Amino acid sequence: MMDSEAHEKRPPILTSSKQDMSPHITNVGEMKHYLCGCCAAFNNVAITFPIQKVLFRQQLYGIKTRDAILQLRRDGFRNLYRGILPPLMQKTTTLALMFGLYEDLSCLLHKHVSAPEFATRSVAAVLAGTTEAIFTPLERVQTLLQDHKHHDKFTNTYQAFKALKCHGIGEYYRGLVPILFRNGLSNVFFFGLRGPIKEHLPTATTHSAHLVNDFICGAFEDQTANTLLGMVLCCPIDFLNLTKKFNTL
């Protein structure tokens, strides 16, 4: 009888593998949005950097697309990806924060604030965009490295950062206010369009279908947000931001 009681009270030697793995699965799930944002930003910058450079030249000098492309041809292929390190560092970090913080803040506000879902998600989008602005110095240095007038003055990212140091910490954050407006407004439009667009897509029943829906949804909402918001508000804000950053050195 005593042996049977001892056997009943004895703790199990082996635990379920599912119980052991559940904390790790939860941690991966929590980091999923951060990792996806980081990977998406890396691919985005690597592929579209030359296009962004053409846009930069057009905004800065008021020239046509053909003239901007000719400028890049004269600079040579060696300088085509000059200045990619700052936006690569900035975008991978900021997009990771944008997607990750948006999801975390949305859940947090939904639990603790009694407000419509649209309002909580809009606030979460603005807060995520505000956090992204911490990395303004990287965007500031990118502006200097992309301009062909500074090709002989700065040969790498470190030299550009060092040149700004003598102007004080405020110089690293020149153009912060336009960036805050741009990030907040674009995030609200981007995440606000996600739900309505997904509702009009076919219901996904497989993993591949989910990937296709996410790709279509992301591409469409990004282009729609850029068209509706970018042309009306963000493009003037970006131009103001660019001229503020450029007219210092």
Side-chain angles (χ1 to χ4, degrees), residues 18-46 86-139 172-173 175-201 203-204 207 209-226 228-230 233-234 237 241:
K18 291 184 179 179
Q19 291 177 350
D20 291 340
M21 291 298 293
S22 58
H24 301 286
I25 295 172
T26 303
N27 290 336
V28 172
E30 291 175 352
M31 295 298 295
K32 179 181 70 173
H33 298 289
Y34 292 93
L35 292 173
C36 289
C38 182
C39 294
F42 183 90
N43 292 326
N44 183 14
V45 173
L88 202 60
M89 295 168 61
Q90 179 212 14
K91 286 294 184 181
T92 52
T93 308
T94 55
L95 270 188
L97 288 175
M98 183 180 105
F99 283 99
L101 285 178
Y102 171 76
E103 294 295 335
D104 291 343
L105 290 171
S106 294
C107 294
L108 186 66
L109 292 172
H110 183 70
K111 288 179 181 178
H112 296 90
V113 178
S114 57
E117 185 179 359
F118 175 77
T120 56
R121 290 191 175 276
S122 296
V123 172
V126 172
L127 291 176
T130 302
T131 307
E132 294 174 52
I134 295 172
F135 299 95
T136 297
L138 293 172
E139 192 169 341
Y172 289 105
Y173 285 91
L176 178 62
V177 174
I179 287 175
L180 287 172
F181 275 102
R182 181 197 65 192
N183 289 358
L185 292 171
S186 60
N187 280 8
V188 170
F189 269 77
F190 181 83
F191 289 113
L193 291 171
R194 177 185 289 184
I197 292 174
K198 277 195 172 183
E199 289 177 359
H200 289 82
L201 291 176
T203 304
H207 180 67
H210 276 291
L211 289 177
V212 172
N213 278 4
D214 287 339
F215 179 81
I216 295 173
C217 182
F220 187 79
E221 68 189 3
D222 185 50
Q223 290 303 315
T224 306
N226 286 339
L228 295 177
L229 185 64
L233 292 173
C234 283
I237 289 174
N241 182 32

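Note that this is a predicted model, so its numbers are computed, not measured. Along the sequence shown, the residues carry numbers beginning at 1.
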**Request:** Can you sort out the partners of Gln90 under side chain to side chain contact (heavy atoms under 4.5 Å, CB included), two or more places apart, ordered by chain and number?
**Result:** Thr94, Phe135, Leu138, Glu139, Gln142
Ignoring hydrogens and angles, write down the donor-acceptor pairs under 3.5 Å from the side chains of residues 122-131, residues two or more places apart or on other chains.
{"residue": "Ser122", "atom": "OG", "partner": "Phe118", "partner atom": "O", "Å": "2.8"}
{"residue": "Thr130", "atom": "OG1", "partner": "Val126", "partner atom": "O", "Å": "2.9"}
{"residue": "Thr131", "atom": "OG1", "partner": "Leu127", "partner atom": "O", "Å": "2.9"}

**Request:** Return each pair, listed once, that meets side chain to side chain donor-acceptor pair (under 3.5 Å) where at least one residue sits in residues 106-118; pairs must be two or more places apart or across chains.
**Result:** Glu117-Arg121
**Request:** Would you indicate whether Tyr173, at its atom OH, is surrounded by more than 12 heavy atoms from other residues, nucleotides or ligands within a distance under 6.0 Å?
**Result:** yes
**Request:** For the residue pair Tyr172 and Thr136, establish whether any side-chain heavy-atom pair is separated by less than 4.5 Å.
**Result:** no
**Message:** How long is the straight-line distance from CE of Met98 back to CZ of Phe191, given to the nearest 0.5 Å?
**Reply:** 4.0 Å
**Asked** In terms of the angle between their ring planes, are Phe190 and Phe99 parallel, tilted or perpendicular, with boundaries placed at 30° and 60°?
**Response** perpendicular
**Message:** Just to verify, what does Ala41 make a side chain to side chain contact (heavy atoms under 4.5 Å, CB included) with, not counting sequence neighbours?
**Reply:** Lys91, Thr92, Leu95
**Message:** Would you compute the distance between atom CZ of Arg182 and atom CG of Asn187 and round it to the nearest 0.5 angstrom?
**Reply:** 10.0 Å
**Request:** Of all the heavy-atom pairs spanning Asn183 and Ser186, show the shortest one and how long it is.
**Result:** O-OG, 3.2 Å
**Asked** What's the spacing between Cys38 SG and Asn43 CG if we round to 0.5 Å?
**Response** 10.0 Å
